[in-house]
**Student:** 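Take this structure, written in structure tokens, and hold onto it; I'll ask about it next.
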Amino acid sequence: MSKPSLARGTRDFGPEQMAKRTFIFDTIRRSFQRYGFLPLETPAFENLSVLMGKYGEEGDQLLFKILNSGDFSGKLTDADWQAGSKPLTTKISEKGLRYDLTVPFARYVVMNRGTLAMPFKRYQIQPVWRADRPQKGRYREFYQCDADVVGTDSLLCEAEIVMLLHDILPALGITDFTVKINNRKILTGIADMIGAHGMEGPLCVAIDKLDKIGKEKVVEELLERGFASDSIDKLEPIFSLSADEDPFTELKSWLGESEVALKGIQELEEVWAMVKILGLENAKIEFDVTLARGLSYYTGAIFEVKANNVQIGSISGGGRYDNLTGTFGVPGISGVGISLGVDRIYDVMEELNLFPESQKTSTKVMISNFDEEAFTYGLSILPKFRKAGINSEIYPDSVKLKKQLDYADRKSIPFVILIGSDEIQSGLLTLKNMKTGEQQKLKTEDIITLLNREDQ
RNA sequence: GAGGUUGUAGCUCAGUUGGUUAGAGCGCCAGAUUGUGGUUCUGGAGGUCGCGGGUUCGAGACCCGUCUCCCUCCCCA
């Protein structure tokens, strides 16, 4: 047939990339564990009833659906075919690939609530899938690293997420970043305030572009989106809101009549205060009224992390959701969490050249294969290296030394052991340092101690 | 879901207004050097020009469709 190709928006990760990705995963996992989060994994696919309706209309469209197995179309009637694609889809597809890690987590909590120690803190590092159109920093299969706490309303969780981010990102070398924070309650309050109850979604989408397209265009867009012009006039304070001098006080006087908004502001102030007590130095947190986030399940604080000086979307996002388990029949469990996008973090680190050098965990020593006798001898000593914890291999074919050394060179193997008749007779093997080209004759045991010493 | 753009050797790319057998650099393989890699020199292999159709005496080039890369919008990690 034709040449093979990758499915759109997917990638392979070769050995070199894997070394870098592993570095990211390990760093994140270590931080998660340091904050008391426990590991969890859930299936790649879920019943669509679990997934649908949790991410808003946009999200539902981006779900990868799995065709029912077997004769999925055999039972369909003419009426089904004519009913249109939406009802038809529900008949032929019952499962879908997970869209994020939060909803499957909520499902897990509901199903296991009797056995979990509440509040329950879990972390989860797995791929998710979205039928999005690929772009820079946007893939159809990508990894998320989530940490969530459920079963407590305490704003400590929000504060800890801030701490966690300030722990992980610098550990990866990303020091220039901004943690933007807002609160859905404030947005709700604003929408009420201007007489556009429940319209905070479209409102935020437009306001979010303020620094990009300017006030006039934003007003234009708001009109297009159906906001009354006297409503827009009432938004004036937002346009002039300054981040520098205590935005909360300004907001409070403006939104004083809105109970929800005041609650939201108060929550954020408390988070700020707690972060201060926790002793965060060099805090890179910033209040941003225009931060909205589309996922419809957030109800309290919302976060977004942006790496500065890099042309890429946010590398992390999250927030509090008061009633996610409510949709699964168990109300009253509040949760808050953060999700880090490994693939974007990778791109950021690549662009800023932040990966530490030698990430390779490759072979430490290779035994050459001169002829059959030497090969047999090599086979007898190879296990000694492995038992001593030294990554080692023997060249499988008895080809020219040139080729074998070339192989070692390409694989960046630092040492090669040359064995010929002389070496077999004397028991003194030739150890070649591939970097310096130096060679010395040593006993097997001495080579082992030498190589082990090298690691320190 | 809307719009724009790209696709030629393993990689990065040339290829004139349509004209014989499609090129370069790097990489790869072999030899120079039958027990020594990274340098150098010499030689060699490798392409259904994304895929399908059309126009033409003739298409890598023009037209239509389709897939893909990248980008903007939407949304997001």
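Hydrogens, waters and symmetry mates are skipped; everything else that's a heavy atom, side chains included, is used. From a predicted model like this one, the values you see are computed outputs, not experimental measurements. To find a chain, count down the sequence lines: A is the first, B the second, and so on, and within it residues start at 1.
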**Student:** Dot-bracket for RNA chain B, 5' to 3', counting Watson-Crick or G-U wobble pairs under 3.5 Å, with [ ] for crossing pairs and | for inter-strand pairs?
**Tutor:** ((((..(..((((.....[...)))).(((((.......))))).....(((((..]....))))))..))))....

**Student:** Please classify the nucleic acid contact of A:Gly318 as base, sugar-phosphate, or nothing, using heavy-atom distances under 4.0 Å.
**Tutor:** nothing

**Student:** Sequence neighbours left out, what passes side-chain hydrogen bond (donor to acceptor under 3.5 Å, both in side chains) with A:Ser314? Give chain and number order.
**Tutor:**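 Partners of A:Ser314 by the side-chain hydrogen bond (donor to acceptor under 3.5 Å, both in side chains) criterion come out as none, since no residue qualifies.
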
**Student:** By salt bridge (Lys or Arg N to Asp or Glu O under 4.0 Å), which residues pair with A:Glu267, not counting sequence neighbours?
**Tutor:**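 Partners of A:Glu267 under the salt bridge (Lys or Arg N to Asp or Glu O under 4.0 Å) test: A:Lys185, A:Lys263.
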
**Student:** What is the ring orientation for A:Phe23 with A:Phe355, classed by angle as parallel under 30°, tilted 30 to 60°, or perpendicular over 60°?
**Tutor:**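 Perpendicular.
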
**Student:** Could you list all N or O pairs between the protein and nucleotides 8-11 of chain B that sit under 3.5 Å apart?
**Tutor:**
none

**Student:** Using the salt bridge (Lys or Arg N to Asp or Glu O under 4.0 Å) criterion, which residues pair with A:Glu94? Sequence neighbours excluded.
**Tutor:**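 A:Glu94 satisfies salt bridge (Lys or Arg N to Asp or Glu O under 4.0 Å) with no residue once adjacent residues are dropped.
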
**Student:** Any base atoms under 4.0 Å from A:Arg8, or only sugar-phosphate, or nothing? Heavy atoms, all strands.
**Tutor:** sugar-phosphate

**Student:** Walk along nucleotides 30-42 of chain B from 5' to 3' and tag each nucleotide B, S or - by protein heavy-atom contact under 4.0 Å, base first, then sugar-phosphate.
**Tutor:** SS---BBBB----

**Student:** Is there any ring-ring contact (aromatic ring centres under 6.0 Å, His included) pair reaching into residues 401-451 of chain A, and which pairs are they, with sequence neighbours excluded?
**Tutor:** A:Tyr395-A:Tyr407

**Student:** Partners of A:Asn308 by side-chain hydrogen bond (donor to acceptor under 3.5 Å, both in side chains), sequence neighbours excluded?
**Tutor:**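 A:Asn308 satisfies side-chain hydrogen bond (donor to acceptor under 3.5 Å, both in side chains) with A:Asp176, A:Thr178 once adjacent residues are dropped.
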
**Student:** Would you list the protein and nucleotides 44-46 of chain B atom pairs, both N or O, that sit under 3.5 Å from each other?
**Tutor:**
none

**Student:** Could you check which residues of residues 132-140 of chain A get a heavy atom under 4.0 Å from RNA chain B? Sort them by number, please.
**Tutor:**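 Within residues 132-140 of chain A, the residues near RNA chain B are A:Asp132, A:Arg133, A:Gln135, A:Lys136, A:Gly137, A:Arg138, A:Tyr139.
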
**Student:** A:Trp129: what forms a side-chain hydrogen bond (donor to acceptor under 3.5 Å, both in side chains) with it, not counting sequence neighbours?
**Tutor:**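 Expected list: A:Glu141.
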
**Student:** Please identify each residue that fulfils side-chain hydrogen bond (donor to acceptor under 3.5 Å, both in side chains) with A:Thr436, with sequence neighbours left out.
**Tutor:** A:Glu438

**Student:** In whole angstrom, give the distance that lies between atom CZ of A:Arg11 and atom P of B:U68.
**Tutor:** 16 Å

